[in-house]
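Worksheet: one structure, shown below.
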Amino acid sequence: MTTFGYEQSLGYDRRATRLLTGLYRRIATDIDTGTADSATVVDLGTGPGKLLSQLATRRPDLHLHGIDLSPHMIEIARRTLAGQTVELAVADVAELPHPDNSIDFAVSSLSMHEWPDLPAAVTELRRVLRPGGGAGIYDFRFTRTRQIQHALGGVFGAVDTEAVRLPWHPVAVITCYRVTA
């Protein structure tokens, strides 16, 4: 996974605000309809915290966590989420700071293609998900598709996929990979 420096993090925050708000709304809707009351949700590669902000506003009952490898992104996420009840941590997706079977739903938006050890990250994801818990991983459609399918399928079995179109783009450039523990 790549760690962003401070200036890169600020630039990503500006681009995420301008270009990805529609995607974050879409993902928040998916989580909203797919999680039970008071579910524990972790955002893997939370970046500037835009998705968690959407979720905290829509679903104040959720127990929200966000991790990112970049301390600069976590710093920006803390500002984005000021006043909202969200736990943030600098962490690697291959070494999640959560106990076994503690997460109801995990989400990742546009970070999986950066995970250097995909099998280790997917195994770690399975470790933290409660039995029956799920994950929705949204990433660029044409990056590591075969490796992602293989890694997720090897640990979770069935992998459902859906092409997702950004509101401002004529072609679906995002794939959502859904798995259940």
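Just so you know, residue 1 is the first one in the sequence shown, and it goes up from there.
- Closest heavy-atom contact between Ile31 and Arg59: O-NH1, 4.0 Å.
- Considering only heavy atoms from C-beta on, Phe156 stays 4.5 Å or farther from Thr180 through its side chain.
- In terms of heavy-atom proximity, Val179 sits nearest to Ala158 at CG1-O, 3.9 Å.
- With contacts defined as side-chain heavy-atom distances shorter than 4.5 Å, the pair Asp92/Ile67 does not qualify.
- Pairing each heavy atom of Ala89 with each of Pro97, the nearest pair is CB-CG, 4.4 Å.
- Here Ser111 contributes atom OG and Phe140 contributes atom CZ; the two are 10.0 Å apart, rounded to the nearest 0.5 Å.
- Side-chain contact between Leu64 and Thr85 is absent, with no heavy atoms from C-beta onward closer than 4.5 Å.
- In this structure Glu162 satisfies the salt bridge (charged side-chain N to carboxylate O under 4.0 Å, His left out) test together with Arg26, Arg178, sequence neighbours excluded.
- By the 4.5 Å heavy-atom criterion applied to side chains, Leu44 and Val107 are not counted as neighbours.
- In this structure, the side chain to side chain contact (heavy atoms under 4.5 Å, CB included) partners of Thr161, at least two apart in sequence or on a different chain, are Gln149, Val159, Thr175, Tyr177.
- More than 12 heavy-atom neighbours from other residues, nucleotides or ligands sit within 6.0 angstrom of NE2 on His63.
- Among residue pairs with one or both ends in residues 33-59, none qualify as ring-ring contact (aromatic ring centres under 6.0 Å, His included); sequence neighbours excluded.
- Residues His113 and Thr145 form no side-chain contact, since every pair of their non-hydrogen atoms from C-beta on lies 4.5 Å or further apart.
- In this structure the side chain of Val173 never reaches within 4.5 angstrom of the side chain of Arg165, judged on heavy atoms.
- Qualifying salt bridge (charged side-chain N to carboxylate O under 4.0 Å, His left out) partners for Arg127, counting only residues two or more places apart in sequence or in other chains: Asp100, Glu124.
- The heavy-atom pair separating Leu118 from Ala151 by the smallest distance is CG-CB, 3.9 Å.
- Heavy-atom minimum distance, Ile76 versus Pro48: CG2-CB, 3.7 Å.
- The CZ atom of Phe105 sits 10.5 Å away from the CG atom of Leu62 when rounded to the nearest 0.5 Å.
- In this structure Asn101 satisfies the side-chain hydrogen bond (donor to acceptor under 3.5 Å, both in side chains) test with no other residue, sequence neighbours excluded.
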Compile the donor-acceptor pairs under 3.5 Å between side chains in residues 36-43 and protein atoms, sequence neighbours left out, one pair per line.
residue	atom	partner	partner atom	Å
Asp43	OD2	Thr46	OG1	2.9

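- In this structure, OG on Ser109 lies 5.5 Å from CG on Leu51, to the nearest 0.5 angstrom.
- Between Ile137 atom CD1 and Ile148 atom CD1 the span is 8.0 Å, to the nearest 0.5 Å.
- Summarising the geometry of His98 relative to Ser102, their closest heavy-atom pair is CB-OG, 3.5 Å, with the distance given to 0.1 Å.
- Taking CD of Glu87 as the reference point, atom CG of Leu52 lies at 11.5 Å (rounded to 0.5 Å).
- Taking CG of Leu55 as the start and CG of Leu81 as the end, the distance is 10.0 Å to the nearest 0.5 Å.
- No side-chain heavy atom of Val164 sits under 4.5 Å from any side-chain heavy atom of Arg141.
- Side-chain contact between Asp117 and Val93: absent, with no pair of heavy atoms (C-beta onward) separated by less than 4.5 Å.
- Looking only at distances, no side-chain donor or acceptor of Asp68 sits under 3.5 Å from a matching main-chain atom of Ile74.
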Apply the test side-chain contact (heavy atoms from CB on, under 4.5 Å) to residues Tyr24 and Ser53: give CA-CA distance (whole Å), side-chain angles for both, the deciding distance (0.1 Å), then the verdict. CA-CA 9 Å; Tyr24 294 139; Ser53 181; over 6 Å; no
